[in-house]
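Because the structure is a prediction, the values reported are computed rather than measured. When reading the values below, keep in mind they use all heavy atoms of this one structure, side chains included, and skip hydrogens, waters and symmetry mates.
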Amino acid sequence: MQSFDFILFGATGDLAMRKIFPSLYQAYADGFLPHIGKVIATGRSLLNVDEFKDKMSHKSKIHIKNCDDKKWEEFTHNIDYLSINLNETKDFELLKEKINSESKNIVIYFSVSPEFFIKACKNLASVGLNDERVKIILEKPLGMDLKSCQAINNEIAQYYNEKQIYRIDHYLGKESIQNLLILRRFNPIFTSLWKKDYIDYVEISVFETLGVESRGEFYDSTGALRDMIQNHILQILSLVAMKIPDTLDADSIRSAKLQLLRNLKPLDDENIKTNVIRAQYSQSGEFKAYLNEDNIKENSQTETFVAIKVELLDENWKNVPFYIRTGKRMANSFAQIVIYFKDQQYQDIHLNKLIIRLQPENQISLNLKVKKIGKTMDYEENNLILNLNSTLVMQPYERLILDVIEGNQASFNHKEELEAAWAWIDPILENWKNNKTPLYSYFAGSWGPKESFDLIQKDQREWYNA
């Protein structure tokens, strides 16, 4: 691993304390960062270095399993802190002074609201922190629709080229997702079956038992479609359905994903009426209704649940629907991909399933029909399970930050991928803005609205509720 300097905007924020610093520490403790350079933490808070490190010790260490105090001391030795205003050019002069002028690898992580991205990029460029040594990591959301996404991308492109920009999606750092391409590429049993002739349908589900918690103001202006579907779930869908390239390098993978995203069948108002369900959780037992959560606008129409039947304009997936759904305050928390294989002979039994679990566990299982034990020829369902939970499994942020340091963009979004996703999402947003389709309701702590079950059952199919 080459040496590097790391600058973090928003270092006192929740994401930095819960994910970024623990990931950097873990990479250091695991020996992946033997040549760690300076880590310059920045924020608006007026703190000195010791005060900031004390804050880190209280807010970051609790998110690290088996934190070694000696290693933590070594890791934090190279951390500096600078209070800056991202809108003030003079503060970036101070930032530049703290960076080693000989450094050949500078990573700048934008753990701040996207409203600061463009001004911060401009100010970095004004002090020369946009040359070939520099890579920038951008957190979502990048825009609220296609127009705003393009505006952000175009503005940032004035200061950084595409090879310098890493648009992070932590789902792409999950072990099961990283395994997906290998599973498809190097296992003939799946390579030969991964097409319309043998796959009946695909399900992608991401559920959370949590409500909006302290994110009410952000979530109410965003909703489940923007928060989960546009980025995480469409990225997963693209990795499931894209044509596997001959080489698994960054350019080939991103090009294949882009081609798939451009092949999503466009949705008009009639399609949205029949193939898209939005809903909002209502009060149930101890759980508040969404409208009673903190910082939610009165009579808000923001959706906390979305289910969509997606079709592809790709001959390889002709007549193979992809059912995607996500929701908050659900009956269970999990993220999974389920591939349902066709049964060419026996139409009255359940299909074989390949179940790829992303969370809470990293697991791949193949659901098979096997003979019941004993003097019988009856069958039952059972699973062959590959458990990917291991002490060696990296957390997504650790893996992705290491990829940035090494200059590997394979698990990051190209700007055209994001824009293709927004182009497909925009008609749904416009339809909802004009209230052309109803906002349904579901009880908090349930499996979602009745209409989401109707969506899939009208096709004689079913969700896999683990």
Side-chain angles (χ1 to χ4, degrees), residues 1-17 19-28 32-61 71-113 116-139 156 159-160 164-166 168 397-398 400-402 404-407:
M1 178 70 69
Q2 58 182 306
S3 62
F4 69 100
D5 287 339
F6 190 90
I7 300 166
L8 177 59
F9 295 144
T12 58
D14 184 60
L15 179 64
M17 294 297 177
K19 298 293 184 181
I20 300 173
F21 283 121
S23 296
L24 281 171
Y25 163 80
Q26 199 63 58
Y28 176 76
F32 292 111
L33 300 179
H35 308 297
I36 191 168
K38 244 185 177 180
V39 175
I40 303 171
T42 77
R44 290 179 295 181
S45 301
L46 297 173
L47 305 170
N48 61 38
V49 176
D50 290 335
E51 288 171 335
F52 176 75
K53 289 183 179 180
D54 185 59
K55 186 182 183 77
M56 274 184 65
S57 292
H58 285 93
K59 293 200 168 184
S60 272
K61 284 180 78 174
K71 287 280 188 185
W72 177 261
E73 196 67 31
E74 293 173 4
F75 167 68
T76 58
H77 176 74
N78 288 325
I79 292 179
D80 199 355
Y81 180 78
L82 178 65
S83 176
I84 66 172
N85 182 334
L86 294 176
N87 292 316
E88 291 291 339
T89 305
K90 61 181 176 61
D91 287 1
F92 286 77
E93 295 284 358
L94 298 174
L95 176 63
K96 185 179 181 180
E97 290 173 9
K98 286 186 173 287
I99 298 171
N100 182 354
S101 59
E102 302 298 316
S103 179
K104 292 181 169 58
N105 189 13
I106 301 170
V107 176
I108 305 176
Y109 199 126
F110 287 61
S111 181
V112 293
S113 171
F116 296 108
F117 286 1
I118 295 169
K119 187 64 175 178
C121 286
K122 182 179 180 180
N123 285 332
L124 286 165
S126 73
V127 298
L129 287 175
N130 67 329
D131 58 28
E132 67 277 357
R133 302 173 301 159
V134 179
K135 309 180 189 85
I136 62 172
I137 305 175
L138 303 179
E139 275 284 349
I156 291 174
Y159 311 108
Y160 296 92
Q164 294 175 280
I165 303 170
Y166 293 73
I168 194 167
Y397 278 94
E398 179 185 356
L400 294 172
I401 289 171
L402 290 174
V404 178
I405 294 167
E406 294 176 338

Give the table of side-chain donor-acceptor pairs shorter than 3.5 Å for residues 39-54, with sequence neighbours excluded, one pair per line with atom names and distance.
from: Thr42; atom 1: OG1; to: Leu8; atom 2: O; distance (Å): 3.0
from: Asn48; atom 1: OD1; to: Asp50; atom 2: N; distance (Å): 3.1
from: Asn48; atom 1: OD1; to: Glu51; atom 2: N; distance (Å): 2.7
from: Glu51; atom 1: OE1; to: Asn48; atom 2: N; distance (Å): 2.9
from: Lys53; atom 1: NZ; to: Thr76; atom 2: O; distance (Å): 2.9

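No side-chain heavy atom of Ile137 sits less than 4.5 Å from a side-chain heavy atom of Leu400. The side-chain heavy atoms of Phe6 and Ile401, taken from C-beta on, include a pair separated by under 4.5 Å. Side-chain contact between Val404 and Phe4 is absent, with no heavy atoms from C-beta onward closer than 4.5 Å. Proximity of Leu24 to Tyr397: side-chain heavy atoms (C-beta onward) are nowhere separated by under 4.5 Å.
Here the shortest heavy-atom pairing between Lys119 and Leu86 reads CG-O, 3.8 Å. Closest of all the heavy-atom pairs between Ser60 and Met17 is OG-O, 2.8 Å. The shortest non-hydrogen separation linking Phe92 to Asn85 is CE1-O, 3.9 Å. Contact record, Ser57 with Trp72: OG-NE1, 3.4 Å, taken as the closest heavy-atom pair. Here the shortest heavy-atom pairing between Gly10 and Ala16 reads O-CB, 3.5 Å. What you find for Gly407 and Tyr166 is that their closest heavy atoms are CA-OH, 3.2 Å.
In this structure, CD1 on Ile7 lies 4.5 Å from CG on Leu95, to the nearest 0.5 angstrom. From Ile108, atom CD1 reaches atom CD1 of Ile99 across 6.0 Å, with rounding to the nearest 0.5 Å. Between Ile136 atom CD1 and Phe9 atom CZ the span is 9.5 Å, to the nearest 0.5 Å. Separating the CD1 atom in Ile20 from the CG atom in Asp14 is a distance of 10.0 Å, to the nearest 0.5 Å.
The list of salt bridge (charged side-chain N to carboxylate O under 4.0 Å, His left out) pairs with a residue in residues 80-99, not counting sequence neighbours, reads Asp80-Lys98. Sorted by first and then second residue, the pairs that involve residues 121-133 and meet salt bridge (charged side-chain N to carboxylate O under 4.0 Å, His left out), not counting sequence neighbours, are Asp131-Arg133.
By the neighbour-count criterion of 12 heavy atoms within 6.0 Å, atom NZ of Lys59 is sparsely surrounded, having that number or fewer from other residues, nucleotides or ligands.
A donor-acceptor contact shorter than 3.5 Å is absent between the side chain of Glu139 and the backbone of Ser111. Looking at Asn130, its side chain never comes within 3.5 Å of a backbone N or O of Leu124 through a donor-acceptor pair. Proximity of a side-chain donor or acceptor of Thr89 to a complementary backbone N or O of Asn123 within less than 3.5 Å is not detected.
Phe75 and Tyr28 have tilted rings, their planes meeting at an angle from 30° to 60° on a 0 to 90° scale.
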